[in-house]
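Scroll down for the structure; my scribbles are underneath it.
FYI, the numbering just counts along the sequence from 1. Both counts, for ligands and for their atoms, begin at 1 and track the order of listing.
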Amino acid sequence: MKTDVLVVGSGIAGASAAIRASEESDVVVVTEATRPDETNTGWAQGGVARRAPDEDADAFVDDVIEAGAGEGDEDAVETLVREGSRVVDDFLVEELGVEFDENGDGFDLAREGGHSNRRILHHGDATGRAVQVALLRRLAESDARVLEGHTALELVGDEGVDGALVVGDGDAFVVEAGATVLATGGIGDVYGRTTNPPGATGDGVAMAALAGAEVEDTEYVQFHPTAHAERGFLLSEALRGEGAVLVDGDGRRFMDAYHEDGELAPRDIVATAVHEVNRDGQAYLDLSPVIDDGFADEFPTAYENLTDEETDSGLVPVAPSEHFLCGGVVVDENGRSSIDRLYAAGETARTGVHGANRLASTSLLEGLTWGLRAGEHAAENAAEPRSVDREPDAFNGDMPEGFVDTKFDRLQKVMWEKAGPVRDEDGLREARVELQRLRGEVKSYARGRLSPELHSLRNAVVVGLLIVEAALENEETVGCHRRVA
Ligand code: SIN
């Protein structure tokens with residue numbers, strides 16, 4: 001199969017890139033998802049931040065830079081805030097018709113940790129789903145050819161990237177492309193304990209790294225402070241924005257001891273506090289200040305996931321959980337990677353916006369802004385697709401029973417214990433040895449086999465190693481990278 005632009009992924013970054021590129025080029029989208037709730041975007045709860053009508057853009061810029069511990073790239077942040085705010089209105093609201101919640105004065109703007117203003121557009125606490133459904137509707141109306149339930153296994157090409165080897169429907173084939181955009185979402189399965197949907201294995205980051213692209217800032221893994229401690233689902237920061245508080249096992253609030261903004265402190269500070277309280281006891285999110293008659297309508301996702309006992313008492317046990325990779329494939333202002341004909345957008349990319357930590361509700365904004373930019377640039381500059389001399393091996397997914405699951409268990413255990421919310425040098429060195437061994441075992445099995453599960457496992461191990469190597473190199477505690485020794 002041949003195309004001008006190949007897009008891998010169909011969350012907000014991939015779908016935006018594909019929609020924009022298809023306005024002037026032939027586009028193929030390869031996506032593992034078959035339903036909107038299978039993407040990271042579809043699971044996003046909080047919302048989309050954009051400059052509030054009455055505020056100076058600089059206030060938003062400052063919040064993004066401060067949340068990123070001063071490590072962000074100012075030009076990229078300016079683009080995020082100024083252009084991002086515009087495309088939220090023009091593309092999401094006007095063109096796609098996403099219905100964000102309104103009150104009598106216009107949009108009902110929420111506030112979350114690290115924001116100095118109410119500026120977050122939301123759709124209850126299921127914003128990502130509303131955005132994803134609208135994107136897929138628009139993508140279906142476009143001329144892009146969408147291959148659902150398909151997996152890109154690896155990038156192909158000798159000088160730059162000429163497309164990808166793809167499997168799906170029991171078949172393996174090469175998509176030859178003039179430009180390739182990677183937008184595969186999160187890395188949750190590298191840790192197991194995650195707010196991401198199943199299947200988030202950092203495929204784009206790993207494929208780009210294996211092809212020789214520059215990858216940076218992978219030590220900056222953001223842990224969300226309030227996932228359910230036992231059942232794992234996310235309790236949106238918007239709950240704290242509306243008044244929910246964090247308490248210890250004795251019902252005492254503890255966030256004021258960590259930061260003057262209490263529960264609305266930057267996410268890494270709240271995550272560290274919850275992690276510390278959980279070392280000797282259990283932290284709870286006390287929802288009683290927000291549980292009223294409107295709770296089920298305002299926070300339908302939380303409401304559906306909580307038990308009657310939890311909504312009656314208001315107390316929900318919480319723990320940090322892997323949420324977002326701030327680093328990734330290094331890209332410029334148009335989503336171009338360091339390799340010819342390869343782009344990345346969304347969580348796969350390192351645009352420089354997040355620095356050492358990400359401000360709440362900026363991931364959809366970044367995916368949208370860089371997705372549209374990458375799609376437009378790729379379409380305008382796509383070279384003639386080059387022929388790829390690669391006969392894919394026959395499709396062969398046979399493996400000993402439990403092979404992939406057992407290796408994932410080993411990966412996730414070592415990543416959580418040695419490269420999780422708190423890291424030290426000895427632990428990181430041990431993690432590196434274990435991951436190198438795992439990589440060797442997986443590599444020898446992957447040879448001659450075309451199995452999406454095996455490639456996802458390989459990708460997750462590659463991403464784990466990228467995180468561990470970067471975490472070892474950076475001896476300072478900064479943003480969401482916390483080194484204790
Ligand atoms: C949340 O709803 O707490 C997550 C929002 C985000 O990660 O930006």
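The R358 neighbourhood of ligand 1 comprises atoms 6 (C), 7 (O), 8 (O), with distances under 4.0 Å to a heavy atom of that residue. Counting atoms of ligand 1 from 1 in the listed order, those under 4.0 Å from a heavy atom of A360 are 8 (O). Distances below 4.0 Å separate heavy atoms of H224 from the following atoms of ligand 1: 1 (C), 3 (O), 4 (C). Within the listing of ligand 1, atoms 1 (C), 2 (O), 3 (O) sit less than 4.0 angstrom from a heavy atom of E237. Close approach of ligand 1 to S236 (heavy-atom distance below 4.0 Å) involves ligand atoms 1 (C), 2 (O), 3 (O).
Between G46 and ligand 1, at least one N/O pair is under 3.5 Å apart. An N or O contact shorter than 3.5 Å links H323 to ligand 1 by distance. In terms of N/O distances under 3.5 Å, ligand 1 is approached by S361. Taking any N or O of Q45, backbone or side chain, none lies under 3.5 Å from an N or O belonging to ligand 1. Considering backbone and side-chain N/O atoms, Q222 never comes within less than 3.5 Å of an N/O atom of ligand 1.
Atom CD of E83 sits about 4.0 Å away from atom CZ of R373, to the nearest 0.5 Å.
Of the options V181, T351, N334, a side-chain contact (heavy atoms from CB on, under 4.5 Å) to W370 is made by T351 and by none of the others.
Salt bridge status for D89 with R50: present, with a side-chain N to carboxylate O gap under 4.0 Å.
Side-chain contact check for F408 versus D189: some heavy-atom pair is nearer than 4.5 Å. S10 is listed as a side-chain neighbour of T39, based on a closest heavy-atom distance under 4.5 Å.
At most 12 non-hydrogen atoms from other residues, nucleotides or ligands lie less than 6.0 angstrom from OH of Y303.
Note on ring orientation: taking the six-membered ring where Trp is involved, the planes of F223 and Y191 are perpendicular (angle over 60°, cut-offs 30° and 60°).
Under 3.5 Å, the side chains of E71 and Y220 contain no donor-acceptor pair of N or O atoms.
Only side-chain heavy atoms of R267 come within less than 4.0 Å of ligand 1; its backbone N, CA, C and O stay farther off.
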